[in-house]
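The next block holds one structure in the form of structure tokens; read it before the comments.
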Amino acid sequence: MDLNYTPEEQAFRAEVRKLVAAILPADISAKVKGGKRLAKDDFVRWQKALHAKGWGATMWPTKFGGTGWSAVQQHIFEEECAEAGAPLQLPFGLKMVAPVIMAFGSKGQQDHFLPRIVDGSDWWCQGYSEPGSGSDLASLKAKAERQGDHYVVNGQKTWNTLGQYADWIFCLVRTSSEGRQQEGISFLLIDMKTPGITVRPIIMNDGEHEINEVWFEDVKVPAQNLVGEENKGWTYAKFLLGHERTGIAGVGRSKAALHHLKDIARTELSYDKPLMEDVRFRDRIAQVELELMALEITNMRVLSAEKDKKAPGPEASILKIKGSEIQQAIAELQMQALGHYALPWLPEALDADWQGKPVGADYAAPLSGHYFNYRKTTIYGGSNEIQKNIIAQMILGL
Amino acid sequence: MDLNYTPEEQAFRAEVRKLVAAILPADISAKVKGGKRLAKDDFVRWQKALHAKGWGATMWPTKFGGTGWSAVQQHIFEEECAEAGAPLQLPFGLKMVAPVIMAFGSKGQQDHFLPRIVDGSDWWCQGYSEPGSGSDLASLKAKAERQGDHYVVNGQKTWNTLGQYADWIFCLVRTSSEGRQQEGISFLLIDMKTPGITVRPIIMNDGEHEINEVWFEDVKVPAQNLVGEENKGWTYAKFLLGHERTGIAGVGRSKAALHHLKDIARTELSYDKPLMEDVRFRDRIAQVELELMALEITNMRVLSAEKDKKAPGPEASILKIKGSEIQQAIAELQMQALGHYALPWLPEALDADWQGKPVGADYAAPLSGHYFNYRKTTIYGGSNEIQKNIIAQMILGL
Amino acid sequence: MDFNYTDEQNALRDTLARFIAKDYGFEQRRALAKSDIGFSRDHWKQFAELGLTALPFAEDFGGLNGNAVDTMLVMEAFGRGLVLEPYLATVIVAGGLIRDAGSPAQQEAHLPSIASGKLMLALAHYERGARYKVSRVDTAAKADGGGWTLSGSKGVVLGGGAADKLLVSANTGKGPNGTGAISLFLVDSKAAGVSVRSYMTQDGGRAAEVRLDKVSVGADALLGPKDGALPAIERALDYGIAALCAEAVGIMAALNEATLEYLKTRKQFGQPIGRFQALQHRMVDMVIATEQARSMATLAAVKADAPDAAARRRALSAAKAYVGQQARFVGQQAVQLHGGMGVVDELNVSHYFKRLTMINITFGDTDYHLGLFSDMLLAA
Amino acid sequence: MDFNYTDEQNALRDTLARFIAKDYGFEQRRALAKSDIGFSRDHWKQFAELGLTALPFAEDFGGLNGNAVDTMLVMEAFGRGLVLEPYLATVIVAGGLIRDAGSPAQQEAHLPSIASGKLMLALAHYERGARYKVSRVDTAAKADGGGWTLSGSKGVVLGGGAADKLLVSANTGKGPNGTGAISLFLVDSKAAGVSVRSYMTQDGGRAAEVRLDKVSVGADALLGPKDGALPAIERALDYGIAALCAEAVGIMAALNEATLEYLKTRKQFGQPIGRFQALQHRMVDMVIATEQARSMATLAAVKADAPDAAARRRALSAAKAYVGQQARFVGQQAVQLHGGMGVVDELNVSHYFKRLTMINITFGDTDYHLGLFSDMLLAA
């Protein structure tokens, strides 16, 4: 038991820092650090830049083109990327569909899709939730009927993140209504250009277009795009949800966000003194920093143990719960730090090439919207209430 | 809507203050204010002193010997008694069994028991909970069999407060095992001197003897001590629980306790300055004071509305929940104020006539034990979880 | 003590409820929020017809002599409707200032116009860098012949864009860093040297950055005593705080209703999600928080009129802090219990949540007022 | 980074678990707590036989060269057993001080006796009025011929009654109000002028008020540099804090096991109460709190040895504050979920709860250490 980084790990960090600084486009990191809107191209350029250095998929095993890094190495990488102002590597391809394809996909699917994920060719999105099926995912109704060598898909998916940019969507669909709900679900990969797919934006509470509804009307999907066996999709879905949670602690991002919060608190004035000198506000920062210090270690403990077991376990729910609470707490304090200047809403100021004069500090514009938006973190990816159910049942046996 | 006291109410307060100061024995108030152990006689003397002035039962209607005061008047009375250091008027007779006897008892029971409660002749205790029946009270097993003109009671009751001093106990007993559990329960009044009753002390976490187990072995109870109808006891029990909760906000007591906390914080030194000048500790006091300010008004709103409806409703559960949380918060801060001097445990220092030298401040000895003991407040009288169930079902219809 | 509303107050409540139900639907409000000025002048006329703009003023000035509880009822209803019109800025804060600190001539000149809905005002007081501290003013007023010349910047002036006139606080003393003597001036928002940059706020409202560049006003522009306007400003802001507390309670009650309804109708795992005990208890906590907040909002209303300024300040900071804490909890949990539906623009839950959040920031946030209340314990 | 225990550490864990299970049953402990000295000298001998008293010392002094993680494992097990012997006072704090600040002669004279279980010690440092502030000492030491004369009072000295010798901090400077230069002295607890009033503590342990009335000690009693003992005292207390954090985690784990078992076996309304979702989620929160506390306790152990004093202080205050918060939550909720059984003396839940509460107060409470940590943000 030693929480200190080894000399090798320290050298690794130095290497990562150097490389990230070298390949991260300055315009992108300026957007990330300034809380500006990111375009599709910003995500893709970053993924391609990483891929060019062989770091496109740091969480994948080497045999599929990943780096095969340890949990500690991945943590260092995430921390350095966040601190440098790199955009998030979107999880839908890398962390969600890819592990499913690796574990259950055909050789053909693996050969075709995985390289296109890691090199940034394909943008993936998620087709899990439906309006009537959120926490109770297994009750989903979108239907796929086998007709010859393809499936015909009809139905509606929702809470689809950034699907407006997507090339592909992975979907849970009902292929049978016999037996238990869970037993009639299949896992399909669908080309977003297929006729019959409509993407309708859902505007979030910050006024931004981040999520969508996706409608399927007689969408023809080649049967070879079925992952694994028909009617076994629930197994793959649960496998995926386990993998999704592991990245969700977001320790690196939260450390960068905490850093930003402290900078703001040292800049904002409270009656001529830096806000940081206000003991009440400073104590709030201290409190969230304590939570994050603990989570950083818990995260490493859990991920290391999972690495030994080779599979994510229900302990990952702990990371989701604490990670999302901390993300929200930091976002709330960033907003709170602004005082009255949390009120102005200038969506135009989120454009990187906006030339207007800010209202209040130049970092102010995105912060309230970010707070509103981040209420989603305790809801998505299995709400924190659902995570607690998982822990109660799978760890505690209640 | 006016939260200010009327001139009449202010005059009433002055009258109460004067009378309480005149009749409250100094040795008793010194014990209460110093957190010393109270003897049975202390409670009885205070009840008799109040009764002598006609104020023995301020929550009763006049026709049974009460004062018939309004909710505001009762609140003023409770506040003044608490501030003066009067002992609690124990609720078991006055607030628990008495309303049941008034509403459901026979004329004979009313004529016999009520005057002896108000004049301090009879000390009552409660026989509700059993080891297997706490929150799920209706599952109780203690049995009463009718044999001629009496019942024979066998079984065990627990969480019996101060029953070691009691003359009478009111009991829920099973008189039938037919139908729903609730339908076979009766409400019996039992003389504690009856042969076959054994009282066994349960020591609390503060080392004090406050509660008991009570065992019944072939205890003969005259049939005339049945309240109301046989097998209808559950109705009376629920009625009683409603009445019990109304007093439980304890606003007057908490105001006195907050006052004491502030005195301690002004006396304790933190690096040569009064602890009160420590912004972090002071903010904690401020926070609990806010809660209490709100509860004081909520309490009056609820009690006034109930007075109009003539019956306690599920809103009283709100008072129980917030009242108990506030009592605990104040107790915790009182302990916390002591610093390291919260550690010493000197049970002998709780005797009023102890002549020893205190360890630390003279107010220190009872405070940690009080904090431990007060964990009970969110558990007894229907745990706060049960109160939330009540609100969810009865107010919200969930 | 009396916990009942008068018949008149019950009638007022009914009137307001009807107005909100009829003229303040979700889509109507959304359209208003996106409009150029961000509210409806027709609504403002209706307010005048209903007597709302006249409520807190004396009959001599066309007012209705309403008390703080009347205002509380108005603001609670406005909370439920997420009303956008600058009632707080014009009637409660600025109107209250003229009523309490204006000369008879100033009262005569302006109160009837406010009461009849013809005049809109805004208090331009807070400045960037002062954060929530009321006594800190850098904007300077220099005596200039018989009048004054004002220069400085005011930040996040609520309703500043729509205001015909601004009540501008300025430093007429000599202290550095905004200390010194504060005076108040009535300034025409179209006057030379006044620039108003109006913008949307997170809750669909409007605020403005106001710059004063050597703005000349006459001697009669001074409102209240020279060098001594601070007590009046604090009092007006306390009226504003009481109003915000009532508005917050209205929103919390509306959110609780919406959430309870959602718990009863949204089905997952074959049953309404309101059958799940963890959610039931959360909902109970929201109800308790709202009841407690209602108690404190009532205290705020009653004490806003208290003659003793220290007692008033203590109660108003207590209420702002405590209602803010409860509002934060109820708002966040209403969103959480609505799941994804809680974070989208198309449902009113997110709009209630945003308004609650902004109420908490307006006129001093929870920590600021808890701090003031806490610091008052030293004196007590 | 490495998250595994060594084979030796796993063996140590097993040994400790066996000892606790066999010799530290609930009734055995209760009898000990009520006994005259409040612990068992036989147990202390067993500690010596198991090498526990020798753990953190160098082999030259009969020690085992154990590191902070070894100590963590001991204290975690002691937490589970609610061990009463003054291991923290003698081995970790006082032993650590002699190890780190003593002269070679002092180390030679005392460490082997501690390691072999023959010598008991206590640090007499805190004084009433200083609250938790470590740098504040009023007890005075005046140079007297070749030696020193000590006078003053020390409060709540853990294990003071059983200690053969006391490590007494005293002011050897001239500053008022306890500031100035602090030195440490080894004082025989039977020396003339030393009076020790031992008493029970709320958690079944023992502490003492110590008075020094013109106590004469020789020049060789000085431990560490004259006027410069404060860094060593802070370091020793940080070792103590790391140990307390580990003990707290041991207790929290034990409380969680007990509570989970109770939820599964206690039946109400025809089913185990662990079927109720509100209680399930509470239990989950307790588990999360304990995992998070375990992470911070590990950090505390690892950083207690950190060469950089500022980094060490930051981590130790962070851990004491955070573990304290989690301990408070877990302790209170374990009691709550046990209902009436949680507040009675006859079940171990109340004893765990009391010990957790007292751990939180020892060597600075949660607010004190959060404050230190927070204030360090200003420098960072």
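Note that these values count all heavy atoms, side chains included, but never hydrogens, waters or copies made by symmetry. Numbered from 1 within each chain, the chains take letters A, B, ... in sequence-line order.
- For chain B, no part of D:Ala278 is nearby; none of its heavy atoms comes within less than 4.5 Å.
- For D:Lys133, the part lying near chain B is the side chain, with the backbone staying farther off; criterion is any non-hydrogen pair under 4.5 Å.
- For the residue pair D:Ser169 and D:Lys154, a side-chain donor N or O sits within less than 3.5 Å of a side-chain acceptor on the partner.
- Heavy atoms closer than 4.5 Å to chain D are found nowhere in B:Ser129, neither backbone nor side chain.
- Heavy-atom distances place the side chain of D:Leu158, and not its backbone, under 4.5 Å from chain B.
- Among the candidates B:Thr378, B:Leu343, B:Leu269, the residue making the largest number of heavy-atom pairs closer than 4.5 Å to chain D is B:Leu343.
- With respect to D:Arg128 and D:Glu209, no salt bridge is recorded, no charged nitrogen being found less than 4.0 Å from a carboxylate O.
- Only the side chain of D:Leu279 comes within less than 4.5 Å of a heavy atom in chain B; its backbone stays farther off.
- When heavy atoms are compared at a cutoff of 4.5 Å, D:Tyr199 approaches chain B solely by way of its side chain, counted from C-beta outward.
- Contact count versus chain D (heavy atoms, under 4.5 Å) is highest, among B:Arg284, B:Met335, B:Lys376, for B:Arg284.
- Comment: B:Asp278 does not engage D:Arg131 in a salt bridge, judged by the lack of any side-chain N to carboxylate O separation of less than 4.0 angstrom.
- Chosen from D:Gln336, D:Met200, D:Arg328, the residue pairing most often with chain B at heavy-atom distances under 4.5 Å is D:Gln336.
- Using a 4.5 Å heavy-atom cutoff, the side chains of B:Cys171 and B:Phe216 are in contact.
- Of the residues considered (D:Gly342, D:Gly339, D:Ser374), D:Gly339 shows the highest number of contacts with chain B, using heavy-atom pairs under 4.5 Å.
- Interface residue B:Glu332: only side-chain heavy atoms are found under 4.5 Å from chain D.
- Classification of the B:His340-D:Tyr132 ring pair by plane angle, with boundaries at 30° and 60°, yields perpendicular.
- Contact of B:Tyr341 with chain D is made through backbone and side chain together, with heavy-atom distances under 4.5 Å.
- Only the side chain of D:Thr357 comes within less than 4.5 Å of a heavy atom in chain B; its backbone stays farther off.
- Most heavy-atom pairs under 4.5 Å with chain B, from the set D:Met341, D:Glu346, D:Arg197, D:Arg206: that is D:Arg197.
- Summarising the local packing, CZ of D:Arg275 is surrounded by 12 or fewer heavy atoms from other residues, nucleotides or ligands at distances under 6.0 Å.
- Under the 4.5 Å side-chain criterion, counting only non-hydrogen atoms from C-beta, D:His369 is in contact with D:Ile241.
- Per-residue heavy-atom pair counts under 4.5 Å with chain D were compared for B:Gln336, B:Lys388, B:Glu268, and the maximum is reached by B:Gln336.
- The part of B:Ile211 that comes within reach of chain D is its side chain, from C-beta onward, which places non-hydrogen atoms under 4.5 angstrom from that chain.
- For a residue to count as touching a neighbouring chain, one of its non-hydrogen atoms must lie under 4.5 Å from one of that chain's; by this rule D:Asp365 touches chain B with the side chain only.
- With chain B as the partner, the residue from D:Arg282, D:His351, D:Glu127, D:Lys267 showing the most heavy-atom pairs under 4.5 Å is D:Arg282.
- Under the 4.0 Å criterion applied to side-chain N and carboxylate O atoms, D:Glu261 and D:Lys264 are not assigned as salt-bridge partners.
- Of the atoms belonging to B:Ala361, heavy atoms from both backbone and side chain fall under 4.5 Å from chain D.
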